[in-house]
There are 2 protein chains.
Amino acid sequence: MVTRPPPAATDARKRMVRTGSRSATAARPRSAIRQAVDLQAALRERIASQEIAPGSKLREQALAAEYKVPRAQVRETLIALEQRGLIERVPNRGAVVVRLDLTQVFETYDLREVLEGLCARLATQNTTPASWQDMVKLFDGPMAQYVRAHDYESFIAGYGRLRRRMIEAAANPVLTSMLDSIYEKTQAIIRRIIILPGRAEHGLAEHRAVIAAMRRGDAAAAERLRRANMRSAKAWLRRYQSFVL
Amino acid sequence: MVTRPPPAATDARKRMVRTGSRSATAARPRSAIRQAVDLQAALRERIASQEIAPGSKLREQALAAEYKVPRAQVRETLIALEQRGLIERVPNRGAVVVRLDLTQVFETYDLREVLEGLCARLATQNTTPASWQDMVKLFDGPMAQYVRAHDYESFIAGYGRLRRRMIEAAANPVLTSMLDSIYEKTQAIIRRIIILPGRAEHGLAEHRAVIAAMRRGDAAAAERLRRANMRSAKAWLRRYQSFVL
DNA sequence: GTAAACAGGATTGTTGACATTTTTGTTGAC
DNA sequence: GTCAACAAAAATGTCAACAATCCTGTTTAC
């Protein structure tokens, strides 16, 4: 039924694993699995951006036709997305993009608080303080401009850069996966929070404090400040909840 | 391709969702999906307990024959387990139970620290202080006995009771899912840490401190103490790493 | 006029056969 | 005796047809 494990040293020459980011060089396998990975990434992107709205039904045949993949692959992708918590599948009724109610959004923010905090701490520990200098400049200059000009699109883009840099620096694959999964579900709400009265200004100040902590290599402070940032975002959401949801 | 979402009020009469815990009454659908859920639970259990050792290959046909389910269902289960991080699937080579190296174990402990800490905080906030009285008694009496008697099996069982109670009280589904996923991967290592010299005694004292904080309704202290507990477990692991792995 | 009953259509679930890839065991040359 | 090449077996990946279920619009009874 199951085979005993091999001598345990074999992992060294590990093959490209499915979930791993495929290297640009390994373009060989035309295998449909590659397409399945792409399909999953595409759907995650479209769901996160709300191009596919919460509550929408995902039809297997339609997706198969659109992406020109067999229905079985669509099925596998939907199973994966269900495990990620992005969709719900009900027997014989198909898959639906999850719709978060207010309670679930707050629950998610509790998780984001501790996970983003850990991410800030690890990022600080794994890098040199000097490597954050470009972020100091970005948030002192352009980002402050964006806030003053109410250019929220650019502000969000800059925030995304900081966030991705921190995740990359944290270098913890499981953490990365969890943060991505959460982010995909709440990206739409995050965008709506940023435009709340005074939120962008306040958020900018908090981000600068986090960056300053990383810039001086203070991992504990970076974690604490990042957590405070998440809590304050949650407070803004609570105050304006009737406008956001 | 995707349908627009319905008027959004329809969620009230939500059907039994696949991943949700099935109620005992709803025994109607003999549907194979029920079996698939059971199969996933069974495999998770067997992998966590290391009845199926890390590095083992999981063969679709063999599992299908053993559990008397079609191969397609085994396939779906394996996809779900891959998403959970319990197995790795390599194209054309099948599924293998993940083998954690030392680095990954430490990474996992960083995650456990913040997630179990959050769990302790939420559990404290969601319950009355008095509801933890039975845990106070359990850890003052029997658990102390188990440590003195080196009855590690009972000690682990008691720890599991506390842990499950806290997760249940936290009442955050996504947190629950993340903690379960981590626990399944590291259960074997947790068991090996507890028997390290002095670990059970030290752990017992830390658990009692966490429980005392919950018993007096101090959520912040509960989180801080639970995090300290995880860090100390990690320190023990670091000190004795050559014996554990 | 309302509501239950009933088809028709559409969608998901299931099954088995087939193609492709990897693995294993054997043979042969050096 | 070791290693390389080759062939057979086994496992995974792929696909299309069939079955079961659910939704929708219409009809019919009261």
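Because the structure is a prediction, the values reported are computed rather than measured. Lettering of chains follows the sequences in order, A, B, ..., and the numbering in each one begins at 1.
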ask   = Please give, in whole Å, the distance from C:dG16 C1' to B:Q73 CD?
value = 15 Å
ask   = What does B:Q61 touch in the nucleic acid at a heavy-atom separation under 4.0 angstrom: a base, only the sugar-phosphate, or nothing?
value = base
query = Run the salt bridge (Lys or Arg N to Asp or Glu O under 4.0 Å) check on B:E116 and B:K234 step by step: do they pass?
reply = CA-CA 13 Å; B:E116 300 273 11; B:K234 188 179 167 187; over 6 Å; no
ask   = From A:E107 CD over to A:R112 CZ, what is the distance, rounded to the nearest 0.5 angstrom?
value = 15.5 Å
request  = Please report, rounded to the nearest Å, how far the P atom of D:dA11 is from the CG atom of B:L78.
outcome  = 14 Å
task = Run the salt-bridge test on B:E184 and B:R46 with the 4.0 Å N-O cut-off and return the result as yes or no.
result = no
key: Closest nucleotide among D:dT14, C:dG13, C:dT21 to the A:R75 side chain   = C:dG13
task = Measure from CD on A:E60 to P on D:dC22 and round the result to the nearest Å.
result = 15 Å
ask   = Do A:R71 side-chain and C:dG13 base share a donor-acceptor contact under 3.5 Å?
value = yes
message = Which nucleotide wins on minimum distance to the side chain of A:R89, given the candidates D:dA11, C:dT15, C:dG13?
response = C:dG13
ask   = For D:dA8, which nucleotide in any strand shown is its Watson-Crick or wobble partner with both distances under 3.5 Å?
value = C:dT23
task = Would you indicate which nucleotide in D:dT14, D:dT12, D:dT21 comes nearest to any side-chain atom of A:N92?
result = D:dT21
query = Expressed in angstrom and rounded to an integer, what is the separation of B:K68 atom NZ from C:dT15 atom P?
reply = 15 Å
inquiry  = From C-beta outward on B:P70, which listed nucleotide comes closest to its side chain: C:dG13, D:dG13, C:dT15?
reply    = C:dT15
ask   = Whole-Å distance between C:dT12 C1' and A:L63 CG?
value = 13 Å
request  = May I ask you to verify if any side-chain N or O of B:R93 is less than 4.0 angstrom from the OP1 or OP2 atom of C:dT23?
outcome  = yes
query = So do the side chains of B:L39 and B:L43 get within less than 4.5 Å of each other, counting heavy atoms only?
reply = yes
Identity of whatever pairs with C:dA29 - Watson-Crick or G-U, under 3.5 angstrom = D:dT2
task = Validate the cation-pi geometry between A:R238 and A:Y109: distance from NZ or CZ to the six-membered ring centre under 6.0 Å, angle to the ring axis within 45°.
result = no
ask   = From D:dG13, D:dC15, D:dA11, pick the nucleotide closest to the side chain of B:R59?
value = D:dA11
